[in-house]
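Structure, as structure tokens:
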Amino acid sequence: MTHIGFFFRLFGWFILRPMGSAKGRTLTVLLGVALGAAVFTSVRLAVHASLEAFHRNMDAVVGRAEQTVLVPGGRVPESLVARLLSHRQVKAASPISTTYVRVAGSDTEPFLLLGFDPLLDRPLRHWRTTDAETPVSAWLDLIRHPGTFIAGSLLAERNGWKTGETTTLLHAGEPMTFRMVGVMAGGGLSAAEGGMVALCDIATFQEFTGWRGAVDRIDLILAPGETAAAVQALKKDLPKEVQIRPASRTRESGRMMIRAYQLNLSILSFASLFVGTFLVYSLVALNAASRRKETAILRSLGASPRMVFALFLVEGTALGLMGWLLAIPVSGLLLPFLLEGVSETVSTLFVRVSVPGFSLSAWEVLLSFTVTVAVAGAAAVQPSAEAMKVPPREVLAVIGRRGVPDRQTKRLTLAGLLMIAGVWPLARLPGPTGLALPGYAATMLLFIGFAMISPAVLRRLGRSVSIPLRRLAGTPAYLAGRYVKDSGTRTAVSVGALITAVALFVSLVIMIHSFRETVKLWVEQTVSGDLFVASRLAEVNDFRDPMTRDQIALLHSLSDEAEIVASRRFSLLYDGRVPYTLQAMAMDPFLRHGDFVWMRGDARASRPALVQGRGVVISEVFANRTGLSVGDRFRQPLQGTAVKLPVLGIIRDYRTQGGVVFFAFSALQAQLGDVRWTGARLYLRDSSGWTAAELRNALLERGGGSMDMVLGKDLRGEILRIFDETFAVTTVLLFIALAVAALGIATTLTILVLERYRELNTLYAVGGSSLQLRTMILWEALLIVSVGEAAGLVCGFLLSHILIFVINRQSFGWTFLYRVDWSALALSVPLVIAVALAAALPAFRAVFRQPPAAMLRER
Amino acid sequence: MSGESKPLIIAESLSREYTLGETRVVGVNRIDWSVAAGELVVVKGNSGSGKSTLLSLLAGLDRPTGGRLIVSGWDVSRLSDKHLTQYRRKTVGMVFQSFNLMPTLNVMENVCLPALLAGEPYDAVRERADGHLRRLGMERRFDHLPSQLSGGEMQRTAIARALINDPAIVLADEPTGNLDSRNGTVVMDLLADLHRTDGRTVIIATHSDMADAHATVEVELKDGGIV
């Protein structure tokens with residue numbers, strides 16, 4: 001105990017006190033660590049809030065259901081409820097239907113309407129009404145009075161509804177007037193969709209949606225006993241088209257998708273923290289170097305090497321701890337922005353979430369604390385190890401030691417090159433589905449590898465440019481080159497930080513550009529069409545509701561003006577595990593006006609087979625998730641039949657929820673008989689002389705107001721807008737990483753100046769002018785930044801390949817065409833150099849912080 | 001002090017005061033002093049007596065807070081930054097106790113440095129540096145880094161560096177302070193040789209008695225004033 005007390009007293013004397021006298025430097029490092037920690041923490045908390053909201057929603061909607069009965073691509077006959085209730089393996093069964101609806105004449109966002117049997121559902125889901133506003137028995141009104149609903153509290157509040165008031169709701173079919181008989185309170189179903197939910201009786205739901213006699217699914221609680229045996233017994237007794245699945249399956253696939261997104265953002269945000277740790281290294285290394293004499297005195301007075309090591313290690317850890325504390329208010333500023341951006345992205349890309357706010361997760365706070373303190377401590381290990389090697393005899397020495405032995409640089413270079421060589425094999429290792437762990441491990445290896453070879457690059461650059469620089473730019477430039485050559489790991493650390501930031505910048509610029517260009521190509525070819533029509537709220541309801549016969553007839557009435565490509569979509573699970581969309585489409589007109597972006601397969605030979613319904617094309621995501629490839633047979637049970645067709649090709653597709661499989665509408669009709677469309681795209685005939693807007697107006701005039709319609713141009717623009725918004729968070733994180741790297745450059749250059757005050761003052765004493773000294777610092781900064789920029793560019797190009805062809809594939813299942821945005825990169829080069837050189841300003845000011853005459857007073 | 005020749009250094013009521021926190025410290029206190037060209041002056045005194053302050057004023061590393069200092073015709077107390085740089089380049093050469101060699105430059109480059117800073121071409125300077133280093137017995141050490149030299153060799157390199165611009169005055173601050181007696185004697189002999197052979201003015205601030213035998217003028221400082 002006494003020993004620990006003494007250690008911390010010594011820590012206060014030896015580490016904290018000098019920190020106080022270098023407040024600017026310490027604060028800069030703390031700011032860098034705080035920014036990194038704040039980004040990491042806020043990103044984690046923001047994604048955690050989305051994940052929590054998703055879990056709350058799923059828990060509320062799934063309730064205590066153990067198994068779910070459903071028909072892939074269709075609906076379950078309601079008559080099965082009675083059969084299931086009487087089955088010996090079933091303890092409780094509840095029919096459920098859900099759909100998103102909208103309030104007529106209002107711009108409010110759609111909300112979830114859940115139709116259920118309030119009596120049968122009681123064992124499965126918990127919910128209650130607010131006692132103050134409605135009688136406890138209000139739920140009975142749902143059964144007694146058709147056209148009634150009970151609203152979630154947020155929904156009622158947003159619409160200003162009071163109990164007993166009526167409102168008209170819109171769905172794919174006819175509008176219907178509902179009366180609100182209560183407001184939900186407490187947990188359970190009231191938490192679904194963050195409170196943007198309404199409950200109605202299943203009969204009311206069927207009357208409203210037109211799906212009489214059918215429900216989306218039947219949730220079950222099984223009788224006590226072995227689940228697998230019970231499920232098998234149930235399967236035997238159920239019709240062939242009906243499937244039975246664990247109720248948690250949807251939750252699991254959604255959770256996995258959000259988790260993958262969380263990992264991606266966590267790694268990206270960790271980059272800021274990683275860059276921040278370079279600052280910790282710089283400061284601890286400076287302190288260890290500048291206090292060499294004091295360290296030798298401590299050693300001569302009896303301090304063990306271990307104690308010296310511990311002192312500097314605790315310094316790094318303390319910087320991490322203080323940086324983390326400083327990150328708390330910074331996170332408070334970042335979190336609202338990230339919360340909104342992340343929840344929008346999750347809703348757009350994966351699953352619809354409604355995030356009311358963030359809850360402080362003890363686990364996330366602990367993780368952020370541990371990661372920040374641990375990486376800061378890890379950054380201090382090497383300088384601490386150097387400090388512990390200071391021999392006590394150095395207390396008598398006058399000249400300090402400097403420079404990195406050549407052998408050490410060679411070892412670092414060799415290790416760095418080996419790491420870089422190992423990047424691609426590591427990236428190619430198989431990892432858990434949806435989690436790009438090998439890709440991220442390879443990325444870290446790449447960063448560390450480049451940081452390790454940077455001393456050798458600096459040495460080589462310094463050696464090769466110093467003489468030409470003397471001829472071109474005079475002695476200051478020459479001295480800068482010589483210094484950079486011999487500066488060793490101290491400068492290399494700063495270069496490493498810059499390499500990391502530039503590489504991230506370059507790779508993400510390339511990735512985002514490649515992604516956007518590929519999506520643009522996909523949008524232009526595959527999302528072709530002048531007008532897209534679908535049943536009302538089709539998009540938000542996953543195109544589950546077919547268009548009415550009247551709507552289809554209305555479209556047919558315009559067939560002289562426009563060619564119609566009918567389509568029908570089904571949201572399904574392949575092999576009971578991979579969520580995807582099966583889309584039947586009139587291939588002949590589609591392929592005449594547009595095309596798929598083919599990746600594999602013979603496009604020319606496959607098109608006729610596709611038109612004739614003799615095969616399917618599958619998206620890259622679907623191929624990667626299922627392992628299916630060209631020539632394999634695609635099999636999918638569908639409404640009591642089965643689609644069994646060969647895979648003709650693999651295409652690019654960037655729909656947000658899993659993969660997609662396309663086949664001919666005619667083949668679907670042959671399989672299922674009369675098939676209603678869920679949507680259609682219209683191509684204007686040249687002979688019509690109409691514009692797309694005129695076509696839409698014509699449809700509206702003829703009663704098409706009950707359909708969702710969007711101009712092809714607007715839809716394509718909207719897809720690209722969503723794309724750009726999705727990457728807004730990424731761009732912000734990117735600039736924060738660059739800002740932290742600039743802080744790193746500022747700190748390192750200042751440290752290098754302060755560390756060399758004796759040399760700089762000697763230069764002054766032997767005739768160097770202030771301008772020459774500052775020019776030398778500028779050249780040093782320029783050389784350091786040039787190496788960082790050049791190595792960062794190389795590292796960035798390598799990283800962009802990993803991002804596009806490994807991490808995206810491992811995370812989302814897709815890759816893109818590799819496209820480099822040369823103009824953005826060309827603009828970024830002066831930007832990065834300007835930022836880094838601006839970071840040299842504090843070093844300029846530090847040049848004569850110690851007056852030259854101090855050299856003569858120092859003994 | 002030599003009375004016959006024209007003074008190379010003239011100090012009139014020369015003062016330098018520092019502020020350390022709230023305390024005013026007098027480094028040099030109203031010194032009136034002159035040194036003729038070609039003298040070897042040994043400045044002695046205890047720690048805090050003002051030796052280093054006087055040397056830093058003479059070296060153009062610091063400016064007086066009072067009085068005047070004229071060196072080789074330069075009024076050091078009134079020089080602009082630009083002219084002060086010229087003064088350091090042309091008029092004085094400094095030798096430090098801690099040698100202060102650039103650790104990343106080899107011996108030849110260290111010696112050439114002041115001339116390169118003054119804008120001279122490397123090849124011409126190199127020839128001159130070669131001569132100085134040979135004279136100081138460093139001909140086998142041209143490509144060595146300071147870390148590969150002994151203390152005596154480092155100080156000889158520093159002396160060669162001080163001579164490269166052919167200054168009127170060589171200032172040495174405790175030049176033997178970090179050397180053993182043998183190397184100390186060698187260095188002191190070399191400095192004396194500069195005075196004796198080249199007729200150069202040499203000013204040595206030291207605690208040591210080694211320089212006494214070579215001194216033409218000896219000055220004792222106490223509390224910032226000449227005793």
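Owing to the predicted nature of the structure, the values given are computational and were not obtained by experimental measurement. Here is the naming used below: chain letters follow the sequence lines, and residue numbers restart at 1 for every chain.
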Query - Name of the residue among B:L40, B:I169, B:V42, B:V219 meeting side-chain contact (heavy atoms from CB on, under 4.5 Å) with B:I203 - result: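 So the option named by the test is B:I169.
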Where does B:L105 contact chain A at under 4.5 Å (heavy atoms): side chain, backbone, both or neither?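 Contact with chain A is through both the backbone and side chain of B:L105.
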_Proximity breakdown for B:Y122 and chain A, heavy-atom pairs closer than 4.5 Å_ =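 For B:Y122, side-chain heavy atoms alone lie under 4.5 Å from chain A.
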Within a strict 4.5 Å, meaning less than it, do heavy atoms of the [X] and [Y] side chains meet?
X: A:I467; Y: A:R471; value: yes
X: B:V26; Y: B:R16; value: no
X: B:L191; Y: B:P175; value: yes

Q: Can you check whether anything in residues 109-117 of chain B gets within less than 4.5 Å of chain A, heavy-atom wise, and list it by number?
A: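 When heavy atoms of chain A are the reference, residues 109-117 of chain B contributes B:E109, B:L113, B:P114, B:L116, B:L117 within the under-4.5 Å range.
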Quick one: list whatever passes salt bridge (charged side-chain N to carboxylate O under 4.0 Å, His left out) with [X], sequence neighbours left out.
X: B:D81; value: B:R63
X: B:K44; value: B:D209, B:D212
X: B:D75; value: B:R68, B:R78

Q) Considering only heavy atoms, which portion of A:L763 lies under 4.5 Å from any heavy atom of chain B: side chain, backbone, both, or neither? A)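 Contact with chain B is through both the backbone and side chain of A:L763.
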* Given that the side chain runs from C-beta out, which part of A:R470 has a heavy atom under 4.5 Å from chain B: side chain, backbone, both or neither? ->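 Contact with chain B is through the side chain of A:R470 alone.
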query = Can you tell me how far the CE atom of B:M94 sits from the CG atom of B:L61, to the nearest 0.5 Å?
reply =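 Going from the CE atom of B:M94 to the CG atom of B:L61 covers 6.0 Å.
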